[in-house]
Amino acid sequence: MDDEYAKLIRRMNPPRVVIDNDSCENATIIQVDSVNKHGILLQVVQVLTDLNLVITKAYISSDGGWFMDVFNVTDQVGNKVRDEQIISYIQKTLENDEVLLPSLRGTVGLIPSEEHTSIELSGTDRPGLLSEVCAVLADLHCNVVNAAIWTHNARAAAVVHVVDDVTDCAIEDPKRLATIKKLLRNVLKGNNDLKTAKMTLSPPGFTHRERRLHQIMFDDRDYVKVRKTEQGNIEDLKSGPCVTVYYCSEKDYTVITMRSRDRPKLLFDIVCTLTDMQYVVFHGVVHTGKNEAYQEFYIRHVDGLPISSEAERERVILCLEAAIERRTSEGLELELCTEDRPGLLSDITRIFRENSLCIKRAEISTQGGKAKDIFYVTDVTGNPVDQKTVDSICEEVGPNMLHVKWSRCHSEKLPEEGTISYLFGSLFKVRTLQSLKLIGSYT
């Protein structure tokens, strides 16, 4: 009955999306108005980030059962969004009730997976792990068409889409799937994995790969800090994002502030984690500079209560730090562009392993017979890869197949404390579309 009543309310008040390219000088303003529902913020942010749009500012308000958010977005090079196809897609997608209404079936995201077999992996990270996994899949005649691999706090997780290397179809034979599962679990366990290595098939229906990676690593408790020692010294665990959590008695909210280096999909990663931890963002503001980001959220648990204990507060801090760090581009970026073929990924990762490279993160994709794979690598000790090793790998892989993207470190001052809080304070007074446009224009 509650679900039918919610549907009736939504039909009476359908979602409304306004896309404005005039009010702000350097960004497209997207406003979304809708009846509030747990998970709506994540789904809106997911739609924008899946289009590779950069969210430079955001103002979030969802009190009183109504969801009204404003996002300042640009494309990857900092220009306004003027492609009519993209604008139309955003409007149609976000105004679709089926998108904004979270599914009651427990499925995640919007990407169908009927054309391939989706495999989820988790275990203890170690040098050469991805190479071993790819070798097993190649031996079992499984061709990897898409994959995402993350490592964090000595844990590794992957969502891998495979097809049969002869038929190019999903693998459905139960005996073959059981063999794949058994052999991959043996690889993930290694010699002395103190935690249980996991290999599962994704549930049928829909899945969003990056959200699943967050959920897999969260379930694997990768947010628990691991202390590494080098020559008897304990590694400094204080470097990285700064997350604070405190109670706002005036409004009966828990306030979370986060300061970190900016990067693509940062807001998605944070909102994803808060949503999966069953917290609701009632108000918030996001501000990004050239390389830094500041985010401030006023939250409560889905039961309506703020964070009530020190243990819960500490856990939220650890989980948000992990969400920020998982996708951090650690290491040297190597991009492979070439014709796809069975066993290609196995061969490339073997070359990396033989040259003592450790893969920290990877994005594997295949389209139109072309493979485009991105790897972030370090040496086995976690240090930067030297030029001699890179030259040797490029020569072994083949001419013009592997592109090296040397990173440049920028050190810029973070926004002054209090600046965003002041902007956020005014958000409680902002209720009209015109007022929100003015904020987007002058910030």
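Just so it is clear, the values below take in all heavy atoms, side chains as well, and ignore hydrogens, waters and symmetry mates. We number each residue from 1, following the sequence as shown.
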| request: Could you please spell out the steps behind the side chain to side chain contact (heavy atoms under 4.5 Å, CB included) verdict for I364 and F375? | output: CA-CA 8 Å; I364 311 301; F375 305 92; 3.8 Å; yes
| field | Among K265, R326, Q215, side chain to side chain donor-acceptor pair (under 3.5 Å) partner for E210 | value | K265
| field | Nearest non-hydrogen partners of I374 and E335, listed with the distance | value | CG1-CG, 4.1 Å
| query | When you check the side-chain N and O atoms of T254 and R300, is any donor under 3.5 Å from an acceptor? | reply | no
| Can you name the nearest heavy-atom pair linking G39 to T275, along with the distance? | CA-CG2, 4.2 Å
| note | Closest heavy-atom pair, A158 versus I149, reported as atoms and distance to 0.1 Å, is CB-CG1, 3.8 Å
| request: For the pair T151 (side chain) and I359 (backbone), establish whether a donor and an acceptor sit closer than 3.5 Å, ignoring hydrogens and angles. | output: no
| T273 versus C319, closest heavy-atom pair with distance | CG2-O, 4.0 Å
| said: Any side-chain to backbone donor/acceptor pair from K360 onto G331? Under 3.5 Å, distance only. | reply: no
| When you measure from the side chain of T288 to the backbone N and O of T56, does any donor-acceptor pair fall under 3.5 Å? | yes
| message | For E310, is there an ion pair with R313 - N to carboxylate O distance below 4.0 angstrom? | response | yes
| said: If I take atom CD from residue Q295 and atom CD1 from residue I256, how far apart are they, to the nearest 0.5 angstrom? | reply: 10.5 Å
| Using the ring of each side chain (for Trp, its six-membered ring), is F268 parallel, tilted or perpendicular to H208, with breaks at 30° and 60°? | tilted
| Among L332, V385, T349, whose side-chain contact (heavy atoms from CB on, under 4.5 Å) with L357 holds? | V385
| note | Closest non-hydrogen contact found for L94 with V32 is CD1-CG2, 3.8 Å
| field | Carboxylate-amine/guanidinium proximity below 4.0 Å for E95 and R16 | value | no
| query | If every non-hydrogen atom of L53 is compared with every non-hydrogen atom of Q76, which pair is closest and at what distance? | reply | N-NE2, 4.4 Å
| query | Between R209 and E363, is the closest basic N to carboxylate O distance under 4.0 Å? | reply | yes
